[in-house]
Protein chains: 2
Amino acid sequence: MLYSLVDGRARTSTELAAVAAVSPSTASVHLQRLTTQRLVKVFAQGKHRYYSLEGANVAAALEALSVLAGASRNPFVPNTPSRLRAARTCYDHIAGTLGVSLHDRFKALVWLSASSTHGNNRYDLTPNGANALEALGIDVEAARKLRRRFASACLDWSERRPHIGGALGAALLELALKKKWVTQDLDSRALDITKHGRRELSTRFGLDLE
Amino acid sequence: MLYSLVDGRARTSTELAAVAAVSPSTASVHLQRLTTQRLVKVFAQGKHRYYSLEGANVAAALEALSVLAGASRNPFVPNTPSRLRAARTCYDHIAGTLGVSLHDRFKALVWLSASSTHGNNRYDLTPNGANALEALGIDVEAARKLRRRFASACLDWSERRPHIGGALGAALLELALKKKWVTQDLDSRALDITKHGRRELSTRFGLDLE
DNA sequence: CGCACACTTCGTTTACCATCAAACTATGGC
DNA sequence: GCCATAGTTTGATGGTAAACGAAGTGTGCG
């Protein structure tokens with residue numbers, strides 16, 4: 001279970017049960033123990049409970065042990081249709097590889113930081129981030145005034161890593177549609193990244209999508 | 001057991017049994033397993049079998065795990081009389097802190113290297129090392145001709161780390177006595193490092209002894 | 001040579017822990 | 001409001017591995 005989590009992605013208890021080839025109940029008690037021992041952390045989203053490694057310490061220990069064991073692990077392959085995996089909507093914001101990439105990029109640029117006031121999986125825009133997004137045409141102040149969480153880490157279904165949700169996520173999708181960076185599929189949640197969009201994402205955010 | 005070995009010192013199976021608070025027989029089967037799994041290596045000397053960590057990999061893994069456990073280990077304290085621990089003879093060569101320090105220093109200076117032709121715990125002098133020792137007044141060629149092993153790793157009883165044995169070790173002790181770097185105690189195996197010797201060891205080998 | 005010591009091998013016992021099924025709780029969708 | 005799905009709790013069970021004592025092997029010392 002732990003080794004399957006070293007890629008940084010989160011997994012549900014049922015998936016981890018399958019990975020370990022044990023029954024869901026066995027997996028449950030095991031994961032409970034791993035949680036109390038601070039090896040993994042849980043993140044409940046809807047009726048799914050996503051488990052991921054607690055921190056870099058744990059990954060380091062696993063790495064060191066796998067060196068001893070001389071094992072090479074086979075990587076996780078998501079079995080989501082590739083069109084949906086690349087980019088799609090999640091309620092009213094961007095998910096899929098694109099969503100996760102944006103999230104990672106915004107954190108790397110320090111536009112987004114973990115919220116100090118709210119819970120664990122909430123974000124704040126830094127002054128830099130607010131300026132940059134205003135410059136792109138997002139009304140950050142308006143988004144702040146809405147009666148909903150401003151920005152949150154939403155766990156991505158296909159990538160199993162967080163993307164940006166909340167009012168800010170919605171504003172980003174709105175912007176991307178308005179600027180024709182992406183177009184919405186009519187009968188699915190898939191998003192198409194336009195040629196123009198690909199260029200813009202690259203120059204504005206340094207995002208290089210396959 | 002493994003944690004008690006992270007300091008790089010070797011320990012006997014009886015000591016490790018005491019460390020783990022189990023019977024000698026239990027320790028024996030456990031150590032056997034650790035050996036086949038390449039976590040520790042054995043070195044038989046007389047009727048003692050010294051166990052030590054197999055390599056840096058193992059130490060790294062233990063380190064990573066202890067970070068997770070948040071434990072701080074209490075270090076090994078040798079219970080040997082300090083006079084004997086500092087310097088003494090082992091058969092006909094130098095043992096104790098001084099012996100181990102010389103061994104470590106010679107390896108660091110690349111005067112001594114693991115023997116390519118003989119077994120695992122044998123040494124060869126490098127050309128550099130031979131020159132340096134000849135310059136000090138050791139007849140290296142004569143030592144080579146003796147019908148005994150030239151240089152070997154002899155596990156130090158108090159330090160639990162190797163010092164230099166064999167013909168080379170004997171020649172080193174002979175030199176140290178002749179140059180009055182050390183004087184031999186009359187009724188024990190203890191060696192006294194003279195003031196002069198301390199100075200010489202410092203300038204010639206960069207050895208700083210307490 | 002024989003004793004003492006260091007350690008290992010063997011066979012047996014015991015305790016524990018992983019595992020599962022069944023029952024239970026929680027969440028989302030219609 | 002009800003069903004389906006996701007996950008957890010609980011209690012019983014069996015397999016396994018850790019542990020020990022007793023007997024065996026090997027090494028050094030007098």
Side-chain angles (χ1 to χ4, degrees), chain A residues 1-5 9-37 39-52 78-80 88-93 95 121 148-149 152 154-158 160 165 188-189, chain B residues 1-5 9-37 39-52 79-80 89-92 95 119 121 148-149 152 154-158 160 165 188-189:
Chain A
M1 290 180 176
L2 291 172
Y3 275 120
S4 81
L5 293 172
R9 301 176 204 269
R11 289 190 176 67
T12 64
S13 70
T14 353
E15 283 174 324
L16 291 169
V19 164
V22 293
S23 73
S25 53
T26 303
S28 186
V29 315
H30 190 65
L31 286 166
Q32 192 180 349
R33 186 174 286 176
L34 292 178
T35 308
T36 62
Q37 297 296 331
L39 292 175
V40 302
K41 54 181 180 226
V42 212
F43 174 61
Q45 195 167 58
K47 55 182 171 178
H48 295 284
R49 290 169 73 79
Y50 287 96
Y51 289 89
S52 54
N79 58 350
T80 316
R88 65 174 182 278
T89 56
C90 169
Y91 305 99
D92 59 353
H93 55 263
N121 42 334
R148 65 182 286 195
R149 59 183 62 172
S152 63
C154 182
L155 197 50
D156 197 276
W157 172 64
S158 61
R160 300 310 172 84
S188 90
R189 289 162 48 204
Chain B
M1 289 181 177
L2 291 172
Y3 275 120
S4 82
L5 294 172
R9 300 176 205 269
R11 290 192 175 68
T12 65
S13 69
T14 353
E15 285 174 323
L16 291 170
V19 165
V22 293
S23 74
S25 53
T26 303
S28 186
V29 315
H30 189 65
L31 286 167
Q32 193 180 347
R33 185 174 286 177
L34 292 178
T35 308
T36 63
Q37 297 295 331
L39 292 175
V40 302
K41 55 181 181 230
V42 211
F43 173 61
Q45 195 167 60
K47 54 183 171 180
H48 294 284
R49 292 170 69 80
Y50 287 96
Y51 290 89
S52 55
N79 58 349
T80 316
T89 56
C90 169
Y91 305 98
D92 60 353
N121 41 333
R148 64 181 289 195
R149 59 183 62 170
S152 62
C154 182
L155 198 50
D156 197 277
W157 172 63
S158 60
R160 301 308 173 82
S188 90
R189 289 162 49 204

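Only heavy atoms go into these numbers, but all of them, side chains included; no hydrogens, no water, no symmetry mates.
Atoms CG and CZ, on B/Leu5 and B/Arg11 in that order, are 5.5 Å from each other to the nearest 0.5 Å.
For the pair A/Arg49 and D/dT8, the criterion of a side-chain N or O lying under 4.0 Å from OP1 or OP2 is met. Regarding contacts with the backbone of D/dA17, every side-chain N or O of B/Arg33 stays at 4.0 angstrom or more from both OP1 and OP2. Using a 4.0 Å cut-off, some side-chain N or O of A/Tyr51 falls inside it from OP1 or OP2 of D/dT8.
Not counting sequence neighbours, A/Ala18 has no partner by the side chain to side chain contact (heavy atoms under 4.5 Å, CB included) test. Residues meeting the side chain to side chain contact (heavy atoms under 4.5 Å, CB included) test with B/Ala10, sequence neighbours left out: B/Tyr50, B/Ser52, B/Leu155. For A/Val29, the side chain to side chain contact (heavy atoms under 4.5 Å, CB included) criterion is met by no residue, not counting sequence neighbours. For A/Ser28, there are no side-chain hydrogen bond (donor to acceptor under 3.5 Å, both in side chains) partners at least two apart in sequence or on another chain. The side chain to side chain contact (heavy atoms under 4.5 Å, CB included) check on B/Ser152 picks up B/Arg122, B/Arg149, with sequence neighbours excluded.
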Determine, for nucleotides 19-30 of chain C in 5'-to-3' order, which nucleotides have protein heavy atoms under 4.0 Å from the base (write B), from only the sugar-phosphate (write S), or from neither (write -). SBBB----BS--
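Put simply, OH on B/Tyr50 is 11 Å from C1' on C/dA6, counting in whole angstrom units. A/Glu15 places its CD atom 17 Å from the P atom of D/dT5, with the value rounded to the nearest Å. Between the NE2 atom of B/His48 and the P atom of D/dT27 there is a distance of 13 Å, given to the nearest Å. Rounding to whole angstrom units, CG of residue B/Leu16 and P of C/dT8 are separated by 10 Å. Between the P atom of D/dT8 and the CG atom of A/Leu34 lies a distance of 12 Å, rounded to the nearest Å. As a whole-Å value, the separation of B/Gln32 CD from D/dA19 C1' is 15 Å.
Among the heavy atoms of the strands lying under 4.0 Å from A/Ser13 are primed sugar atoms or P, OP1, OP2 only; no base atom is included.
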